[in-house]
Amino acid sequence: DQPLRFRLGRGSVIRGIDEVVPKMIVGEISRLIVSPDYAYGSQGFYPTIAANATLIVTIHLLAITGRSGAQSANPTAPDPR
C-alpha cells in the first residue's frame, strides 16, 4: 500500500478517518470499524463501496506534517472491506 496524504478537517477523507487521526500518535496502528454515517452513507462510493456499508479501515500513522493549525496526515491508504 502507498501512503495517503491529506489535510485534516478539509473533507478529503471520510469523516471517521478525519476524526480519529488527530487522536493518534505517529507510529500507531489503528483498526477502525466505520459506520455508514461516518463513511459514505446511503450514497456509497460506486462501484467500490455499497450504499450503507460499514467499513473496516486499518491506519498506520507514518507522519504528521504542516504548520500549527494546518495539520496534514500521512497514514497508509484505508482498505475498505
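Residue indices begin at 1 and follow the sequence shown. These numbers come from a predicted model, not from an experiment.
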Next on the checklist: Show, in sequence, the C-alpha distance, side-chain angles and deciding distance for Val20 and Val57, and conclude whether the side-chain contact (heavy atoms from CB on, under 4.5 Å) test is met.
Outcome noted: CA-CA 11 Å; Val20 168; Val57 180; over 6 Å; no
Item to check | In one Ile/Leu/Val/Met/Phe/Trp/Tyr side-chain cluster, 4.5 Å: Leu61, Ile29 | outcome: no
Next on the checklist: Quick check for you: to the nearest 0.5 Å, what is the distance between Thr54 atom OG1 and Asp37 atom CG?
Outcome noted: 9.0 Å
Checklist entry - Stepwise, does the side-chain contact (heavy atoms from CB on, under 4.5 Å) test hold for Thr65 with Arg5? => result CA-CA 10 Å; Thr65 59; Arg5 298 179 68 106; 3.8 Å; yes
Next on the checklist: Give me the atom names and distance for the closest heavy-atom approach of Gly16 to Val34.
Outcome noted: CA-CG1, 4.2 Å
Checklist entry - What are the two closest heavy atoms between Glu28 and Lys23, and how far apart are they? => result OE1-O, 4.5 Å
Next on the checklist: Any non-hydrogen side-chain atom of Val21 less than 4.5 Å from a side-chain atom of Phe6?
Outcome noted: yes
Item to check | Over all atoms of both residues, closest heavy-atom pair of Asn52 and Ser42 | outcome: OD1-CA, 3.4 Å
Checklist entry - For Asp18 and Arg7, which heavy atoms make the closest approach, and how far apart are they? => result OD1-O, 4.3 Å
Next on the checklist: If I take atom CG from residue Leu32 and atom CD1 from residue Ile17, how far apart are they, to the nearest 0.5 angstrom?
Outcome noted: 7.0 Å
Checklist entry - Once you round to the nearest 0.5 Å, how far does OG1 of Thr48 lie from OH of Tyr40? => result 8.5 Å
Checklist outcome for this item: Heavy-atom nearest pair, Tyr38 first then Ile14, reads O-CB, 3.7 Å
